[in-house]
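Residue numbers begin at 1 in each chain, while the letters A, B, ... track the order of the sequences.
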Protein chains: 2
Amino acid sequence: MANSDPVYLRVVEDLRRQIVDGTLPPGAPIPSRHQITRKYSVGETAARHALRVLAQEGLIVGRVGSGHRVREKPILTPSYRSRVPEPHNPFAMDMQASGRQPTWSWRSELAEAPPEIAQRLQLSQWSPVIRVRFVCRGDGRPMQLATSYELVEFGQSQAPEEGTGERRSTVARMAANGTAITEISESVHIRVPQPSESDTLELPTGVQVLHVERTYWAGERPVETSDIVFPGDRFRLVYGIPVHP
Amino acid sequence: MANSDPVYLRVVEDLRRQIVDGTLPPGAPIPSRHQITRKYSVGETAARHALRVLAQEGLIVGRVGSGHRVREKPILTPSYRSRVPEPHNPFAMDMQASGRQPTWSWRSELAEAPPEIAQRLQLSQWSPVIRVRFVCRGDGRPMQLATSYELVEFGQSQAPEEGTGERRSTVARMAANGTAITEISESVHIRVPQPSESDTLELPTGVQVLHVERTYWAGERPVETSDIVFPGDRFRLVYGIPVHP
DNA sequence: CAGGCAAAGTTGGAGCCACAGGCGATGGTC
DNA sequence: GACCATCGCCTGTGGCTCCAACTTTGCCTG
């Protein structure tokens, strides 16, 4: 049956089987192109294509000069929670749960809301907003990117700032302002990362990202919206939704 | 600046720009490999690689014999809602909202819970459960796949059944049984589709899927769990989460 | 003995060519 | 005018080769 199939698929299927059943454990080296051509009696094109497919599936990672290896920790899954006891930070909880040191760096500045963001915040285009860009790291490696836009009236400071370390959660900051967040809505989808994103997240080519658009509501009014981007094969989003409470 | 960049990226970026800004509208033909080699003065390998990248991003689709075209409806995004007024079916709502005719086909049978499912239902391995497999279609094209596992005690029928058409929601069915669903929990992540999945969902190679693991709880007890798989670039998951109600 | 350097191996990019098989348009035949 | 066969174009697969950039290893020199 695997007779008229493309040759490279034979290689892909064999290596994939070895990876998923543990014959090739995380970190194990994958045969090089030359070794594959000999072992499977295929040409170099097929060998290269097979490696590309596996890399694209996120099962292996290739580094120039040092070969391909089975991806480390093929998905330890810290979870990303939307419902989390405030004022705890879900990212910090996930990192600590998986034994990693969470760090943050961020930069806030006054900006003009691009059309899509203005729509999400029910503002007119190019209204002033406070934009904060985050990079969340675990053991120093970037794991999540976030850009958040906040109504200026609630912003403590309109001057550019930057820093490292945890930032108080939106709910807590708003509460300190006398504004109660009543609902958080999120929209989740898959997309291809921008080159800059796959760069900073150190994603192998072909791995797509989860993009979460989150909006914080105070009654009928959206007061902050953020875009959160992270590799969705390493993370899980976890939701718990009560049924008619 | 785009000087030391790989040649194929020049082609990718130019074509991508033309697609996103509408110069190449949905359905428009993409230059063939030979045309690309001439137009951009690149080799055939680069042209092929560029087309592969764009196909992998889901922007174009290639068919043997007839060339590449800009993907139709570059993603109208019906949304997938977790919180939905019962007894409405979120899939039906999405399809009707986007002017498509929703249809279903399903098949239920008695099965033994594989380890992971048993764990999710807090059963011992290979306990009997009722497994239902769904294919949800819009205008006849498969758009979502789901497999659900239900405790036998709540199953109306243990004999294999199959049918087409809508099925009552879990919450409604359980309510009819005298069991109130109190919470739905979901875990969401990205993964590479199984060959069978990308086949039935008609996904271009390289497009990954959203995998939702959903569990229905009656108090402390899980009573049903399902795996829902769908292309996360065409669909969105939408959540609305009240903050300390 | 240590440090540095060179060689070997590896990936990723790129070019060229060939062939099988699907698709479509063109032209010729009935 | 309708229908069909043929031919050319296009993709997907696959083979071979070369090169630049990078890593690792181990040897050699100081």
Side-chain angles (χ1 to χ4, degrees), chain A residues 2-15 24 27-72 195 198-199 202-207, chain B residues 2-15 24 27-72 195 198-199 202-207:
Chain A
N3 195 357
S4 66
D5 274 2
V7 175
Y8 77 90
L9 269 187
R10 241 185 44 222
V11 183
V12 168
E13 277 160 16
D14 188 58
L15 289 174
L24 289 169
I30 298 291
S32 71
R33 292 203 306 224
H34 269 88
Q35 290 173 320
I36 287 178
T37 59
R38 286 202 307 272
K39 190 179 298 184
Y40 295 90
S41 306
V42 299
E44 223 212 271
T45 310
R48 193 191 319 196
H49 192 6
L51 289 173
R52 181 194 297 280
V53 168
L54 288 168
Q56 187 241 302
E57 292 182 1
L59 290 174
I60 65 178
V61 275
R63 268 194 335 175
V64 175
S66 111
H68 285 91
R69 292 174 172 273
V70 180
R71 186 149 150 189
E72 289 293 343
S198 71
D199 222 50
E202 294 170 22
L203 295 179
T205 44
V207 169
Chain B
N3 195 357
S4 66
D5 273 4
V7 176
Y8 78 90
L9 269 188
R10 240 185 46 222
V11 183
V12 168
E13 276 159 17
D14 187 58
L15 288 174
L24 289 169
I30 298 290
S32 73
R33 293 201 307 223
H34 279 279
Q35 289 173 321
I36 288 177
T37 60
R38 286 201 306 273
K39 190 178 298 186
Y40 295 90
S41 305
V42 299
E44 211 217 286
T45 310
R48 195 193 324 189
H49 194 5
L51 290 173
R52 182 191 297 281
V53 168
L54 289 169
Q56 188 239 302
E57 291 181 3
L59 290 174
I60 65 178
V61 276
R63 269 195 332 175
V64 176
S66 112
H68 285 90
R69 293 176 171 271
V70 179
R71 183 151 147 191
E72 288 294 344
S198 70
D199 223 49
E202 294 170 23
L203 296 179
T205 44
V207 169

- From CZ of Arg38(A) across to C1' of dC16(D) the rounded distance in Å is 17 Å

- Please work out if Arg63(A) contacts a base, only the sugar-phosphate, or nothing of the nucleic acid, heavy-atom cut-off 4.0 Å. sugar-phosphate

- Task: Whole angstrom is fine here: how far is it from CG in Leu51(B) over to P in dG13(C)?
- Result: 16 Å

- Message: Distance check needed: dT23(D) P versus Arg69(A) CZ, whole Å only.
- Response: 13 Å

- Message: Taking the nucleotide of DNA chain D with the nearest heavy atom to each, does Glu44(A) or His34(B) sit closer to the 5' end?
- Response: His34(B)

- Using a 4.0 Å heavy-atom cut-off across all strands, classify His68(A) as base, sugar-phosphate, or nothing. sugar-phosphate

- Can you tell me the distance, in whole Å, between the CZ atom of Arg48(B) and the C1' atom of dG13(C)? 13 Å

- Hey, could you give me the CG/CD1 distance between Leu51(B) and Ile30(B), rounded to the nearest 0.5 Å? 7.5 Å

- Message: Under 4.0 Å, heavy atoms only, any strand: does Gly43(B) hit a base, just the sugar-phosphate, or nothing?
- Response: sugar-phosphate

- Query: Checking all strands, does Ser32(A) fall into the base, sugar-phosphate, or nothing category for heavy-atom contacts under 4.0 angstrom?
  - Reply: sugar-phosphate

- In whole Å, what is the span from the NE2 atom of His49(A) to the P atom of dG13(C)? 14 Å

- Task: Can you check whether any acceptor in the base of dG22(C) is under 3.5 Å from a donor in the side chain of Ser66(B), or vice versa?
- Result: no

- Does Tyr8(B) make a side-chain N or O approach to OP1 or OP2 of dG13(C) shorter than 4.0 Å? yes

- Message: Categorize Arg33(B) for me: base, sugar-phosphate, or nothing, with a 4.0 angstrom heavy-atom threshold over every strand shown.
- Response: base

- Task: Would you mind reporting whether Pro29(A) and His68(A) have side-chain heavy atoms less than 4.5 Å apart?
- Result: no

- Query: Can you tell me how far NE2 of His49(A) sits from CG of Leu9(A), rounded to the nearest 0.5 angstrom?
  - Reply: 7.5 Å

- Note on the structure: Arg52(B) atom CZ is separated from dA14(C) atom P, nearest whole Å, by 14 Å

- Val64(A) side chain: which of dC16(C), dG12(D), dC22(D) is closest? dC22(D)

